[in-house]
There are 2 protein chains.
Amino acid sequence: MTLETVSVPAHAPLELEHFLPYRLSILSNTVSQSIADEYQGRFQLSMTEWRVMTILARFPASSATQVVERTRMDKVAVSRAVARLVEAGRVDRGTYDGDKRRSVLQLSEAGWAIHDEVAPLARAHERELLGKLSEDEKAWLEKILDKLLG
Amino acid sequence: MTLETVSVPAHAPLELEHFLPYRLSILSNTVSQSIADEYQGRFQLSMTEWRVMTILARFPASSATQVVERTRMDKVAVSRAVARLVEAGRVDRGTYDGDKRRSVLQLSEAGWAIHDEVAPLARAHERELLGKLSEDEKAWLEKILDKLLG
DNA sequence: ACCTTATAGTTTCACTTGTAACCAATTGCA
DNA sequence: TGCAATTGGTTACAAGTGAAACTATAAGGT
């Protein structure tokens, strides 16, 4: 063994394509974007707005803060999304009796109409994605996500 | 059955917390952000820049286009990340002989130094995440991601 | 009651991002 | 050879984003 062969520490480059956080990021972006592409053009609806709408569909009369908690989105992002939705007549904003700071948000008639068109479309995308997996794999994925999101 | 109980189509709200695209998005953002938080403050390094660096570590002398292909990132994003990296003296940019449009990108000494600090840190995060899973689950996750990304 | 602190939500500002237009070098082919 | 189409990469502009400051209301303690 010669002296030169020793002592140069090898760099150990990350293999992005096998790096879990990276793969998750690619997958997530691809999936969310492909859904968003459908409703953005058709309904002038951003992903943030859509997420707010899904929360208001499930939990009607939520306050903005509750939407933030349930979407894990930024407070400012929610505020702006709500403003645009109200502006567009898709969400009605009221004030909570007993705390005038608090808003009471509801999907309007028009909001529900859009919701009822977009929701099946989103579900179809999910089904398509899950269609790539066997029953076993779907079950494992469920369990794995539960643990990771724990 | 009375007339009223018929014909009002129930809204079927998406349950975000069981909706795969949404869960992937939360997981991915949480994970990537927690890694990024560490190197952003410490090295003034954005996630895009870090991704470019990992590619240049694995495939030295790549062109910008090759980086784009390998990261699946946007062409403009890469261009800007590279510009900042060059500016900061972390990447050396040369020109390809035989096609003067094409760049030849390499980590500089300083770039390697940062790489060698950040890479283990990123790996540690990945290990921590995977630590939540059993051996079985890890194996399934691998396979599932292969299929979904395939 | 008074004053401090906390909470709901919005606005501002600086920065990032994506789309489209762009420039320059290269290729294809009439 | 000459000129349209392609490719590598950057720039410009508009839209989106987050951190911090701000307004208004409410709660808590003295």
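Just so we're clear, the structure is a prediction, and the values are computed from it rather than from any experiment. A, B, ... follow the sequence lines: proteins, then strands. Residue 1 opens every chain.
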Touch check for B:S46, heavy atoms < 4.0 angstrom, all strands: base, sugar-phosphate only, or nothing?
nothing
Interatomic distance where CZ belongs to A:R70 and P belongs to C:dA8 [whole Å]:
13 Å
How long is the line joining CZ of A:R101 and C1' of C:dT11, in whole Å?
18 Å
Should B:E17 and A:R58 count as an ion pair when the cut-off is N to O under 4.0 Å?
yes
Neighbour count above 12 (heavy atom, 6.0 Å) for A:R123 CZ
yes
5′-ward residue of the pair A:K75/A:D99 relative to DNA chain D
A:K75
In this structure, how many angstroms lie between the P atom of C:dT10 and the CE atom of A:M73, rounded?
13 Å
Does A:R23 come within less than 4.0 Å of B:D146, counting only side-chain N to carboxylate O?
yes
For A:T48 and B:T65, find the nucleotide of DNA chain D closest to each by heavy atoms; which residue's nucleotide sits nearer the 5' end?
B:T65
Starting at atom OH of B:Y96, determine the distance to atom P of C:dT27, rounded to an integer number of angstrom.
10 Å
Looking at C:dG9, I'd like to know if its phosphate oxygens (OP1 or OP2) sit under 4.0 Å from a side-chain N or O belonging to A:S79.
no
Closest listed nucleotide, where the reference is the side chain of B:V76 and the choices are C:dT11, D:dT11, D:dG9:
D:dT11
Send over the distance from B:D74 CG to D:dT11 C1', rounded to a whole Å.
14 Å
Could you state the atom-to-atom distance from CZ of B:R84 to C1' of D:dG9 in whole Å?
16 Å
Return the orientation label for the B:H115 and A:H11 ring planes: parallel under 30°, perpendicular over 60°, tilted otherwise.
perpendicular
Quick one: B:K100 NZ to D:dT6 P, roughly how many Å, whole number?
23 Å
For B:R93 and D:dG8, what is the distance between atoms CZ and P respectively, to the nearest whole Å?
16 Å
Can you establish whether the number of heavy atoms outside A:K100 located under 6.0 Å from its atom NZ is more than 12?
no
State whether the distance check finds a donor on one side and an acceptor on the other, under 3.5 Å, for side chain A:R80 versus base C:dG9.
no
NA contact type, A:S63, heavy-atom cut-off 4.0 Å: base, sugar-phosphate, or nothing?
sugar-phosphate
